[in-house]
Amino acid sequence: MNKEKIKFEKVIWMLITVFSIIISMVVTLDKNKPSYYTWLPLLPLSFAIINFFSYGIYNNIFDFSHNLAKLIIHLLYFIRESVAIYFLYKGGYTATLYKLSEKNINAGISLMIFETCCVYIVLNYYGKIHLKLGKLHFFKPTIRKGVYKKSKYKYVGFIMMFCVLFCILAYTMSPLIRNSYTALWDSSLLSADSYFLAKMEAQAGSKDRILFTLFNVFFDFTRILFPCFVLYILRKKIGDKFICIIIGTILCIVQFAMILNENIYILITCMIIGIYMLKIFPQYRSFMKRMLIIVGTIIVVYYFISVAFTVSIGKGNIYEILSDMFQIYFPGITNIACGFNIVDHNVLNTLFFDIYEAIPFHSTLFGLSGDRLSDLYNACNGVKYTICPGIIQSYHYLGVFAPAVTCGIVIIALKTQKKLNESKDMFAYAAYALLLIYTSMTPVCYYPTVLLSRFLSTILPMLIISKFAGNNYTFDRIGIMED
């Protein structure tokens, strides 16, 4: 079985390398590409070379319950450097951001290649030097019965009940909250414009705005912790039964009935619940892995189809839609190149408001206003609500040392993976899982301010709640041990 895994990993490694080389060749031979895309073939070609010399990171990479950080980071860079370029080519180089020139395209390509090299040096180096990271990769949960003395901390049940009741009451009382959330299957799924307009209905510092923000903070961590709490109680009361898997699946499906502007957060929530179920229901681990892959693929495809409709206006064919979608949601060469169009007359002021944006309740507490880098990015490129690529935010403040921020985030993701593997507390496990996913996605999909904001508003409260759990909600209490 181990030999079969190694063979599969080797095949994937070869396919990604060959696929990237082919994309590079196809784009090179394309006589219809704009003149400013002369260097574009270097992106997939450089990734093919980096991937070829990074075979070591494929070791157990598909053991996603314990190598999730490495898998997400590698997959997202492959999409950004190769897959997105393929759809850019097939879509006739269509993209929302259009202020492109040979100068900013070449600068963007150079920065992307430099960042990718640095990230994969970290992935290879960290994996070889810090051997302890792989210590728990092959653990098998075993069932062990025992009698445990309860901790003096008994508040966590009350805290969970308070959070759930607050969310229900706030949703019932506030039309602003009800109008801001919708279901994935609802044909009136909110666009970014609708969400921001709904948010602006209440002025900063008003009671409606405070309640709206409070609800978002509470709901974002409650929608993760409460299902995990329910599954933990079920595991403790009735054991490792298939009915628990069914209930866990229902709890995941219910998540799609409440979507705000960040649809991807729903997928992250379901992923965390799925990882948690793999941990506490070992008897059905193989079944759940297969189902997670199948159902996850269906949900992601459905999500991308939904997103495609939002960016399809003015596009001629499906490839143009996919080209634009990949550049927007996996900020690629067009988005990164347009980062060099930013004109900032006061860098320190912009840095201040980038950090200020990440503080929960900043408008209510301080009421300050000023331009963030994302505001300048959108204004200088004539667009709205477009994500400023993380490497651009780092480059804006650090110049050629920008990859240091990305590498730091990658190291945090890998260290969080180790923390997750060693976690013995239910609430801390969920918090580390969320931190792992966000730190793994930030280098490609987000920018550091988003990561800091998510940590302060969601992950930190989850870690604080875990402190009130004492040893009452540890995995060994439900018989989950690590050999």
Side-chain angles (χ1 to χ4, degrees), residues 5 9 12-13 16 47 50-81 112 114-139 264 268 271-272 274-276 278-279 330 389-391 393-394 398 401-425 428-452 454-455 458-460 462-463 466 482:
K5 283 185 178 180
E9 291 163 359
I12 298 298
W13 168 69
I16 288 177
F47 185 80
I50 292 169
N51 182 72
F52 181 80
F53 288 104
S54 300
Y55 178 68
I57 71 171
Y58 282 84
N59 183 30
N60 296 303
I61 193 172
F62 295 104
D63 179 15
F64 53 81
S65 59
H66 293 90
N67 275 323
L68 190 59
K70 192 164 58 173
L71 177 60
I72 292 174
I73 292 168
H74 184 50
L75 178 62
L76 291 179
Y77 271 96
F78 170 59
I79 291 173
R80 190 186 78 172
E81 307 285 305
M112 290 171 72
F114 181 38
E115 182 202 33
T116 306
C117 287
C118 293
V119 166
Y120 277 81
I121 287 172
V122 169
L123 286 176
N124 284 279
Y125 174 83
Y126 195 93
K128 289 180 180 179
I129 301 301
H130 297 265
L131 298 177
K132 291 183 180 179
L133 187 66
K135 181 181 178 182
L136 301 175
H137 281 182
F138 302 102
F139 88 93
I264 195 66
I268 293 172
M271 189 185 303
I272 292 171
I275 294 169
Y276 180 76
L278 288 174
K279 176 81 172 181
F330 301 92
I391 188 60
Q393 186 180 43
S394 302
L398 298 177
F401 298 103
V405 175
T406 308
C407 292
I409 293 171
V410 169
I411 289 173
I412 292 173
L414 296 173
K415 285 182 176 290
T416 303
Q417 179 76 75
K418 185 172 182 291
K419 280 278 191 183
L420 179 70
N421 293 349
E422 295 176 342
S423 179
K424 302 184 187 317
D425 171 70
Y429 188 87
Y432 287 133
L434 183 59
L435 178 60
L436 181 148
I437 292 172
Y438 263 88
T439 49
S440 300
M441 292 180 65
T442 295
V444 172
C445 295
Y446 296 117
Y447 55 101
T449 300
V450 173
L451 174 61
L452 180 59
R454 179 60 68 186
F455 177 80
T458 309
I459 299 169
L460 184 59
M462 291 169 72
L463 290 171
S466 73
E482 295 172 1

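Looking at residues two or more places apart in sequence or on another chain, you find a side chain to side chain donor-acceptor pair (under 3.5 Å) between Tyr77 and Glu115.
Counting only heavy atoms from C-beta outward, the side chains of Tyr447 and Pro389 never approach each other to under 4.5 Å. Residues Val119 and Pro403 are not in side-chain contact: their nearest non-hydrogen atoms beyond the backbone lie 4.5 Å or more apart. A 4.5 Å side-chain heavy-atom check between Thr116 and Arg80 finds at least one atom pair inside the cut-off. A 4.5 Å side-chain heavy-atom check between Asn60 and Glu9 finds at least one atom pair inside the cut-off. For the pair Leu435 and Lys419, the minimum side-chain heavy-atom distance is 4.5 Å or more. Val410 is listed as a side-chain neighbour of Pro443, based on a closest heavy-atom distance under 4.5 Å. Looking at heavy atoms from C-beta onward, Thr458 lies in side-chain contact with Met462 at the 4.5 angstrom threshold. Annotation: side chain of Tyr432 is not in contact with side chain of Ile459 (no heavy-atom distance under 4.5 Å).
When all heavy atoms of Ile391 and Ala402 are compared, the pair lying nearest together is CD1-CB, 3.8 Å. The minimum heavy-atom distance linking Pro448 with Thr442 is given by the pair N-CG2, 4.1 Å. Closest approach of Trp13 to Phe52, counting heavy atoms only: CZ2-O, 3.3 Å. Asn124 and Ser54 make their closest contact through ND2-OG, 3.1 Å (heavy atoms, listed as atom of the first residue, atom of the second, distance).
For Asn67 (side chain) and Lys70 (main-chain N/O), no donor-acceptor pair under 3.5 Å exists by modelled atom type. With hydrogens and angles ignored, the 3.5 Å screen pairs a side-chain donor or acceptor of Gln417 with a backbone N or O of Ala69. A donor-acceptor pair is defined here as one N or O able to donate and one able to accept, closer than 3.5 Å; no such pair exists between the side chain of Ser423 and the backbone of Leu420. Within the 3.5 Å criterion, the main-chain N or O of Leu436 finds a donor-acceptor partner in the side chain of Thr439.
The only option from Asn421, Ile275, Leu434 that meets the side-chain contact (heavy atoms from CB on, under 4.5 Å) definition with Tyr429 turns out to be Ile275.
Taking CG from Leu414 and CD1 from Ile409, the interatomic distance works out to 12.0 Å, rounded to the nearest 0.5 Å. Going from atom SG of Cys445 over to atom CD1 of Ile79 covers 7.5 Å, rounded to the nearest 0.5 Å. Residue Ser440 holds its OG atom at 10.0 Å from CD1 of Ile268, rounded to the nearest 0.5 Å. A distance of 12.5 Å separates CZ in Phe53 from CD1 in Ile121, rounded to the nearest 0.5 Å. Here the CG atom belonging to Leu75 is positioned 7.5 Å from the CZ atom belonging to Phe330, to the nearest 0.5 angstrom.
A donor atom on one side chain and an acceptor atom on the other are found under 3.5 Å apart for Asn51 and Tyr58.
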For Leu68 and Met271: C-alpha separation, side-chain torsions, deciding distance, then whether side chain to side chain contact (heavy atoms under 4.5 Å, CB included) applies. CA-CA 11 Å; Leu68 190 59; Met271 189 185 303; 4.1 Å; yes

Between Glu81 and Ile50, does the side chain to side chain contact (heavy atoms under 4.5 Å, CB included) criterion hold? Intermediate values first, please. CA-CA 11 Å; Glu81 307 285 305; Ile50 292 169; over 6 Å; no

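Between Tyr120 and His74, the angle of the ring planes goes over 60°, which puts this pair in the perpendicular group of the 30/60° scheme.
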